[in-house]
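Accompanying notes for the structure given below.
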Amino acid sequence: MKDGVLDFLKYAKEKNVKMCIASATAPELIKVALEHCNIKEYFLKIFSCAEFNIGKDKPYIFEKALQYLETPISETWVFEDSALPLKVVKQIGMPTVGIYDKFNDSKDVKLNSNIYISSAKDFEKLIID
């Protein structure tokens with residue numbers, strides 16, 4: 001788990017922010033990762049591209065998560081470490097938080113993010129009291 005994530009999740013839960021996961025990863029692997037990191041309790045539901053047979057190059061999985069959360073599109077933030085899904089959700093009007101990942105092109109992620117997170121200090125900036 002990236003530094004700063006747990007504090008941010010705790011903060012969001014305290015503020016009653018509804019959170020779910022929309023991922024290209026298989027649901028069983030997501031569950032293992034959540035349990036391993038001990039953060040399963042922070043997420044209401046998991047949406048996997050495998051369930052819908054469609055990738056994150058289309059907005060479908062994000063729209064399903066949005067419907068589930070029942071939140072306004074302009075107030076439903078997508079946290080993502082890959083540029084293509086960031087481009088997709090920006091096109092449908094969802095605000096984005098790009099997350100640095102050493103395996104992805106950080107320049108493209110940064111360009112397609114409303115906010116860019118590259119360290120724990122950046123996560124701290126999202127916590128507003």
Side-chain angles (χ1 to χ4, degrees):
M1 184 167 32
K2 296 186 186 304
D3 289 339
V5 170
L6 185 57
D7 289 337
F8 178 75
L9 291 173
K10 287 178 181 177
Y11 168 80
K13 186 173 182 175
E14 287 172 8
K15 297 294 182 185
N16 296 313
V17 174
K18 296 188 285 185
M19 295 179 282
C20 66
I21 294 174
S23 178
T25 303
E28 55 276 2
L29 295 178
I30 297 168
K31 290 175 186 172
V32 168
L34 293 175
E35 288 173 13
H36 175 75
C37 293
N38 200 27
I39 57 172
K40 184 179 175 184
E41 69 180 279
Y42 297 99
F43 301 98
L44 299 171
K45 187 165 176 65
I46 296 170
F47 294 90
S48 172
C49 291
E51 297 174 82
F52 306 108
N53 201 28
I54 193 163
K56 290 187 345 182
D57 59 329
K58 305 277 190 272
Y60 187 78
I61 193 165
F62 300 106
E63 292 168 337
K64 293 300 283 184
L66 184 65
Q67 286 175 336
Y68 175 79
L69 293 171
E70 298 180 322
T71 53
I73 195 167
S74 63
E75 296 175 19
T76 307
W77 289 77
V78 173
F79 288 65
E80 178 64 57
D81 64 3
S82 183
L84 182 57
L86 288 167
K87 290 177 188 176
V88 168
V89 296
K90 279 184 84 170
Q91 290 173 353
I92 63 169
M94 296 179 86
T96 59
V97 178
I99 307 290
Y100 169 80
D101 186 273
K102 66 183 177 183
F103 299 107
N104 291 327
D105 182 351
S106 58
K107 183 180 176 189
D108 274 352
V109 171
K110 192 178 224 179
L111 284 172
N112 288 287
S113 303
N114 295 98
I115 297 171
Y116 182 69
I117 302 290
S118 62
S119 70
K121 290 280 185 211
D122 293 330
F123 269 108
E124 290 172 12
K125 292 176 190 174
L126 296 177
I127 299 175
I128 303 165
D129 283 320

Would you say Tyr11 and Val17 make side-chain contact, with heavy atoms under 4.5 Å?
no
Please confirm whether the backbone N or O of Asp81 pairs with a side-chain atom of Asn104, one donor and one acceptor, at under 3.5 Å?
yes
CD1/Ile92 to OG1/Thr76 distance, rounded to the nearest 0.5 angstrom?
9.5 Å
ILVMFWY network linking Ile30 to Phe62, side-chain heavy atoms under 4.5 angstrom
no
Do Lys121 and Glu124 come close enough that some side-chain heavy atom pair is under 4.5 Å?
yes
CD of Glu28 to CD1 of Ile46, rounded to nearest 0.5 Å, is 10.0 Å
Gap between atom OG of Ser48 and atom NZ of Lys64 - 0.5 Å precision:
13.5 Å
Is Leu44 reachable from Tyr42 through a run of I, L, V, M, F, W or Y residues, each pair having side-chain heavy atoms under 4.5 Å apart?
no
For Ala24 and Cys49, the nearest pair of non-hydrogen atoms, with its separation, is CA-SG, 3.8 Å
Is it true that Val78 and Tyr116 fall in one hydrophobic cluster, defined by side-chain heavy atoms closer than 4.5 Å?
no
Enter the distance from Ile117:CD1 to Asp101:CG here, rounded to the nearest 0.5 Å.
13.5 Å
Can you hop from Ile73 to Met19 via hydrophobic side chains spaced under 4.5 Å?
no
Leu69 backbone acceptor or donor facing Lys18 side chain under 3.5 Å
yes
Which heavy-atom pair separates Ser106 from Tyr100 by the least distance, and what is that distance?
CB-CD1, 3.9 Å
Quick check: does any side chain N or O of Lys56 sit under 3.5 Å from a backbone N or O of Val88, one acting as donor and the other as acceptor?
no
Do Leu34 and Phe79 sit in the same hydrophobic cluster, where Ile, Leu, Val, Met, Phe, Trp and Tyr count as joined when their side-chain heavy atoms come under 4.5 Å apart?
yes
About how many Å separate CG of Asp122 and CD1 of Ile99, when rounded to the nearest 0.5 Å?
9.0 Å
More than 12 heavy atoms of other residues, nucleotides or ligands under 6.0 Å from NZ of Lys2: yes or no?
yes
Quick one: CE on Met1 to CD1 on Ile39, what's the gap to the nearest 0.5 Å?
5.0 Å
Heavy-atom closest pair (Pro27 atom, Ala50 atom, distance to 0.1 Å) is CD-CB, 4.5 Å
Counting C-beta onward and ignoring hydrogens, is there a side-chain heavy-atom pair between Leu126 and Phe123 closer than 4.5 Å?
yes
Passing option when Lys87 is tested against Asn112, Thr96, Leu111 for side-chain contact (heavy atoms from CB on, under 4.5 Å)
Asn112
